[in-house]
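Below is one structure; the comments refer to it alone.
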Amino acid sequence: MGPVSLIVTGGGGGLPDIVESARRAEAAGFAGVWGTEFYDRSATVSLAAMAQATERVTIGSAIAYAFGRTPVVLAAEARDLDEISARRLILGLGTGTRRMQTDWHGLDGEHPASRMEELVPLVRRLLRLHEGPVDHDGRFYRLHVRPTAPVGPPPRTDLPIFLAGVNPRMIQAAGTVGDGLVGHPLFTPEYVREVARPALERGAERAGRDEPVPIAGYLTCSVGEDRDAARQAARAIVAFNSTVKTYRVVHRLHGFEEHAERIREAWMSGDFARAVEAVPDEMLDTIALAGTADEVRARYAERWDGLYEHTLLWPPAFGGMAAVRAVIDAFNYRGRT
């Protein structure tokens with residue numbers, strides 16, 4: 001079984017819990033620790049804390065909101081994070097849903113893939129600011145940056161930038177301007193093989209690139225001695241993600257659209273318990289890992305091992321640190337060698 005990484009949520013706690021989770025994951029032999037972002041958590045601050053608490057693991061953002069920051073701020077934060085982590089950074093950028101863009105960031109939510117295709121090359125140019133001024137007048141961004149003091153080179157001008165995407169158009173953008181794709185928690189092996197990989201290839205061809213584009217894929221992972229409780233926790237995560245109509249493209253491939261509609265109806269009416277119960281076992285086991293430690297490891301080896309270049313195990317945040325530690329213990333490479 002190949003090495004995996006951990007989505008570090010802090011188990012619903014604060015930065016000290018995030019740091020502790022990162023340390024535990026590194027000690028257990030995980031390949032990387034990746035931070036999330038929401039309306040109450042900054043991915044970049046979390047990454048800085050995790051970078052200083054670890055020595056060897058990859059530090060990644062899954063994801064930081066690309067459109068909530070200006071290109072200059074993104075490039076400056078990337079430069080700092082790569083320095084703090086001694087060049088261990090993978091910068092994962094995402095757009096969020098259209099409602100997040102409009103309601104959280106005050107944007108129009110229009111043309112996110114095209115906007116991302118303009119943004120990422122611009123960030124790369126700003127990482128090379130030591131080579132000269134940057135003047136850009138584009139469709140979405142206008143900036144003219146002329147340093148008034150000497151600018152030193154960053155740790156890397158080619159630090160990897162991964163883009164999050166679900167629908168083929170955004171995945172194609174990741175193949176065109178990104179160094180990789182951050183796969184969604186609803187992704188399945190079938191969706192990756194039949195939709196995501198081909199879209200990445202189309203994007204890479206569009207950019208004249210021959211090398212395969214890697215995927216860092218979320219995988220909801222709920223582990224517990226109480227098998228039913230662990231599966232119920234994962235069922236809640238699947239239900240929550242299934243409420244977003246944009247993600248129906250994954251459900252459509254598996255014939256889960258009717259389930260997704262029932263989940264959404266229950267969720268929107270405030271009946272969260274009914275929404276969770278509307279996730280059948282087949283849907284749960286197609287999308288997530290859930291059960292006892294032995295069961296989860298066996299299912300991972302059978303269905304998920306080797307699917308992604310970076311497998312990002314995602315414990316249910318509402319399970320607290322116990323849920324995080326259960327995933328770390330279940331995949332403790334050093335403890336099982």
Inset, instruction - Answer yes when Asp135 and Arg146 have at least one side-chain N-carboxylate O distance shorter than 4.0 Å, and no when they do not. - result: yes

Legend entry - Side-chain (Arg202) to main-chain (Gly175) donor-acceptor, under 3.5 angstrom: no

Legend entry - Minimum side-chain heavy-atom gap Val279-His259 below 4.5 Å: no

Inset, instruction - Using a 4.5 Å cut-off on heavy atoms from C-beta on, say whether the side chain of Arg248 contacts that of Arg264. - result: yes

Legend entry - Heavy-atom side-chain contact between Phe67 and Leu119 under 4.5 Å: yes

Legend entry - Connected via hydrophobic side-chain network under 4.5 Å: Val151 and Val145: yes

Inset, instruction - Can you tell me which residue pairs pass the side chain to side chain donor-acceptor pair (under 3.5 Å) test with a partner in residues 105-123, sequence neighbours excluded? - result: Arg98-Glu110, His111-Arg139, Glu117-Arg169, Glu117-Arg206, Glu118-His136

Inset, instruction - Any chance you could measure Ser21, atom OG, to Phe30, atom CZ, to the nearest 0.5 Å? - result: 10.5 Å

Legend entry - side chain to side chain donor-acceptor pair (under 3.5 Å) against Asp80, all qualifying residues, sequence neighbours excluded: none

Inset, instruction - Consider only side-chain heavy atoms of I, L, V, M, F, W and Y, link residues closer than 4.5 Å, and tell whether Leu159 and Met116 are in one cluster. - result: yes

Legend entry - Straight-line distance of Leu219 CG to Ile287 CD1, nearest 0.5 Å: 11.0 Å

Inset, instruction - Classify the ring geometry between Phe256 and His254 as parallel (under 30°), tilted (30 to 60°) or perpendicular (over 60°). - result: parallel

Inset, instruction - Taking the six-membered ring for Trp and the single ring otherwise, decide whether the centroids of Phe331 and Tyr300 are under 6.0 Å apart. - result: yes

Inset, instruction - Using a cut-off of 6.0 Å, state whether more than 12 heavy atoms not belonging to Arg99 lie near its atom CZ. - result: no

